[in-house]
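Only this structure's heavy atoms are used, side chains among them; waters, hydrogens and symmetry mates stay out.
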Amino acid sequence: MAGHSQFKNIMHRKGKQDAMRSKLFAKLAREITVAAKSGTPDPDMNPRLRLAIQEARAENMPKDNIERAIKKAQGGDLANYEAVRYEGYAPGGVAVIVEALTDNRNRTGGVVRSVFTKYNGNLGATGAVSHMFNHVGEITYKAAAGSAETVLEAAIDAGADDVVSDANGHVIACGFETLGTVAADLEKKLGEAQSVKAIWKPSLTTPVEEDNAQSIMKLLAALEDDDDVQNVFANFEISDEVMKKLTAA
């Protein structure tokens with residue numbers, strides 16, 4: 001297990017679930033609103049909106065919240081948000097990608113830079129680390145969705161590229177461009193997914209020792225906590241032994 005998944009597991013085990021969910025819903029709502037404003041408010045005619053709604057539903061965001069986020073785009077008074085990507089290094093040479101939706105590049109850039117500096121990281125130029133990642137779609141299902149064979153067959157039929165199944169569930173990978181259609185097809189066969197996301201998947205990982213692990217976690221958590229930041233990805237690899245110490249901290 002690498003980077004983003006390890007970080008998420010640690011954050012969830014540390015609790016604060018309600019506050020995290022409220023912040024997550026706010027970020028999902030922003031993406032839905034921006035997607036609806038960028039095209040038609042009809043998800044069948046707007047792939048970005050369809051994907052944003054799929055992701056929100058996978059996170060159990062209430063239907064009323066989703067509809068309210070779409071209507072907000074039709075109000076005409078929404079700030080002009082733009083997607084921005086930041087790239088840099090955490091301690092130990094770990095590559096980090098930060099995706100944000102912001103109405104003020106200077107504000108968001110300043111916050112992201114200060115977080116990297118505070119936790120002994122370095123913010124680089126766009127493209128500094130993205131070559132170490134692949135931009136792909138990732139759809140996850142709980143183990144109860146079906147056997148490994150059933151899910152594999154459904155994934156192949158839907159046009160997915162890969163499936164990894166274990167006792168914890170199923171992780172389905174597909175092209176970034178086909179994520180919306182693959183997720184919709186899988187939903188017909190397997191039901192609603194546990195998560196539907198466009199991710200930066202590391203093609204190269206960096207092993208992390210215990211002395212750097214805590215600083216990396218603090219850096220990633222501080223980035224995630226910013227309202228403008230939508231997603232954070234990193235390419236670190238932590239041993240099970242160090243993971244136990246971090247989750248017990």
How many angstroms lie between atom [atom1] of [X] and atom [atom2] of [Y], to the nearest 0.5 angstrom?
X	Y	atom1	atom2	answer
Glu59	Gln194	CD	CD	8.5 Å
Glu153	Lys189	CD	NZ	9.0 Å
Asn235	Tyr89	CG	OH	8.5 Å
Ser38	Glu82	OG	CD	13.5 Å
Asp157	Leu152	CG	CG	9.5 Å
Ser114	Leu123	OG	CG	10.0 Å

Within-4.5 Å side-chain heavy-atom neighbours: [X] and [Y]:
X	Y	answer
Glu31	Arg48	yes
Phe236	Ile216	yes
Val115	Tyr86	no
Arg30	Gln230	yes
Pro202	Glu237	no
Val96	Phe116	yes
Tyr81	Asp103	yes
Val163	Val151	yes

Distance-only, no hydrogens or angles: does the [X] side chain make a donor-acceptor pair with backbone N or O of [Y] under 3.5 Å?
X	Y	result
Thr206	Val94	no
Asp226	Val112	no
Lys23	Asp225	yes
Thr33	Ala69	yes

same_hphob_cluster([X], [Y]) at 4.5 Å side-chain heavy-atom cutoff:
X	Y	value
Ile156	Leu179	yes
Met217	Val229	yes
Val182	Leu190	yes
Ile66	Val196	no
Ile97	Leu204	yes

Scan side-chain atoms only and decide if Asn231 and Lys27 contain a donor-acceptor pair under the 3.5 Å cut-off. no
Looking just at side-chain N and O atoms, do Thr181 and Thr178 make a donor-acceptor pair shorter than 3.5 Å? no
Count the heavy atoms belonging to other residues, nucleotides or ligands that lie under 6.0 Å from CZ of Arg113, then report whether that count exceeds 12. no
Over 12 non-hydrogen atoms of neighbours within 6.0 angstrom of CD in Glu67: yes
Salt bridge check: are [X] and [Y] linked by an N-O gap of less than 4.0 Å?
X	Y	value
Glu138	Lys201	no
Arg107	Asp228	yes
Asp64	Arg68	no

Return the set of residues passing side-chain contact (heavy atoms from CB on, under 4.5 Å) with Asp161 (not counting sequence neighbours), or none when no residue passes. none
Between [X] and [Y], which heavy-atom pair has the shortest distance, and what is it?
X	Y	result
Ala193	Ile139	CB-CG2, 3.7 Å
Ala213	Ile238	CB-CD1, 4.3 Å
Pro41	Pro43	O-CD, 3.3 Å
Glu87	Ala125	CB-O, 3.9 Å
Met45	Pro47	O-CD, 3.8 Å
Gly92	Asn212	CA-ND2, 3.6 Å

Please list all pairs meeting salt bridge (charged side-chain N to carboxylate O under 4.0 Å, His left out) that have one or both residues in residues 212-222, counting only residues at least two apart or in different chains. none
Pair Leu51, Gln54 - check side chain to side chain contact (heavy atoms under 4.5 Å, CB included), show working. CA-CA 5 Å; Leu51 181 57; Gln54 285 173 330; 3.8 Å; yes
Could you tell me how the ring of Trp200 sits relative to the ring of His135: parallel (under 30°), tilted (30 to 60°) or perpendicular (over 60°)? parallel
